[in-house]
Amino acid sequence: MFTNNRRQEERIGKYGTPRLQYLQELVTHFQNSNDAETKERIVANLANFAYDPYNFAFLRQLNVLELFLDCMTEPNEKLVEFGIGGICNSSADPANAAIVTNCGGIPLIIQCLSSPVRNTVNYGLGALYYLCNSSNKEEILKPQVIDVIKRYAAAESVSISFSNLAKAFLEKHFADD
């Protein structure tokens, strides 16, 4: 369920931690941690906050979208999975999509399409679905990317979720001439 100010006040009560402060504490804890499991848990938590429009301004203010992109460059597959999950969850918002695009996120997302982790691929397909627009379609709709997406669209027997996401992407953003 999406949050609004009244619902948030009801949930945290009189002495609860305001959302911005809570998210800041998560980001700080992530930055100060050297433990891989702790970082994974924090990024997964942040990715869960990224689906709710109530949090979008906070995530932008705290540079969480950039943190997600940084996670996608790590060798740790869990950090990549949760990073692309956060990008996917937040990319329906145009302001978030612009940050992801302007910070070089598209090549990182495209790399996720070849991940051995199913969730990473699903999130990558979803993020590209939301991000593709007239200003970046040349970067996304490259022949090699379309080929991968077409293969996922045809792979119903392997993964119905890959197939459905890929078909939705192709229907919205690509038409054979």
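For reference, positions follow the sequence shown, starting with 1.
Sparse packing is recorded around CD of Glu37, with 12 or fewer heavy atoms of other residues, nucleotides or ligands lying under 6.0 Å away. Within 6.0 Å of NZ in Lys39 there are more than 12 heavy atoms belonging to other residues, nucleotides or ligands. Within a 6.0 Å radius of NZ in Lys137, no more than 12 heavy atoms belonging to other residues, nucleotides or ligands are found.
The same ILVMFWY cluster, assembled from side-chain heavy atoms under 4.5 Å apart, contains both Leu20 and Ile42. Hydrophobic clustering places Leu69 together with Val27 (ILVMFWY residues linked when any side-chain heavy atoms are closer than 4.5 Å, directly or through intermediates). Connection of Ile87 to Tyr54 is established within a shared hydrophobic cluster, with ILVMFWY side chains joined at heavy-atom distances below 4.5 Å, either directly or through further cluster members. Both Tyr22 and Phe30 sit in one connected hydrophobic cluster of ILVMFWY residues. Membership requires side-chain heavy atoms under 4.5 Å apart, directly or through other members. Clustering ILVMFWY residues whenever any of their side-chain heavy atoms sit less than 4.5 angstrom apart, transitively, puts Leu113 in a cluster other than the one holding Val117.
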Exercise for the section: Check the pair Gln144 / Ile149 against side-chain contact (heavy atoms from CB on, under 4.5 Å), numbers first and verdict last. Expected result: CA-CA 9 Å; Gln144 61 273 28; Ile149 294 174; over 6 Å; no
Problem - Worked check of side-chain hydrogen bond (donor to acceptor under 3.5 Å, both in side chains) between Asn133 and Ser135 - result: CA-CA 6 Å; Asn133 61 43; Ser135 69; 2.6 Å; yes
Exercise for the section: Evaluate the side-chain contact (heavy atoms from CB on, under 4.5 Å) criterion for residues Leu59 and Asn96: first the C-alpha distance (whole Å), next the side-chain angles of each, then the deciding distance (0.1 Å), finally the verdict. Expected result: CA-CA 9 Å; Leu59 298 175; Asn96 292 343; 5.7 Å; no
Practice task
Mind running side-chain hydrogen bond (donor to acceptor under 3.5 Å, both in side chains) on Ser161 and Asn122 for me, showing each step along the way?
Solution key: CA-CA 7 Å; Ser161 63; Asn122 274 330; 3.2 Å; yes
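Separating the CG atom in Leu79 from the CG atom in Asp70 is a distance of 10.5 Å, to the nearest 0.5 Å.
Taking the ring centre of Phe58 as origin, the terminal cationic atom of Arg19 falls outside the region bounded by 6.0 Å and 45° from the ring axis.
In this structure, the side chains of Val80 and Cys71 stay at 4.5 Å or more apart for every pair of heavy atoms. Taking 4.5 Å as the limit, some side-chain heavy atom of Leu46 sits within range of a side-chain heavy atom of Phe68.
Under a 3.5 Å cut-off, the side chain of Asn55 and the backbone N or O of Ala50 do not form any donor-acceptor pair. Listed for the His173 side chain is no donor-acceptor partner under 3.5 Å among the backbone atoms of Leu141.
Contact record, Leu65 with Ser90: CD2-OG, 3.2 Å, taken as the closest heavy-atom pair.
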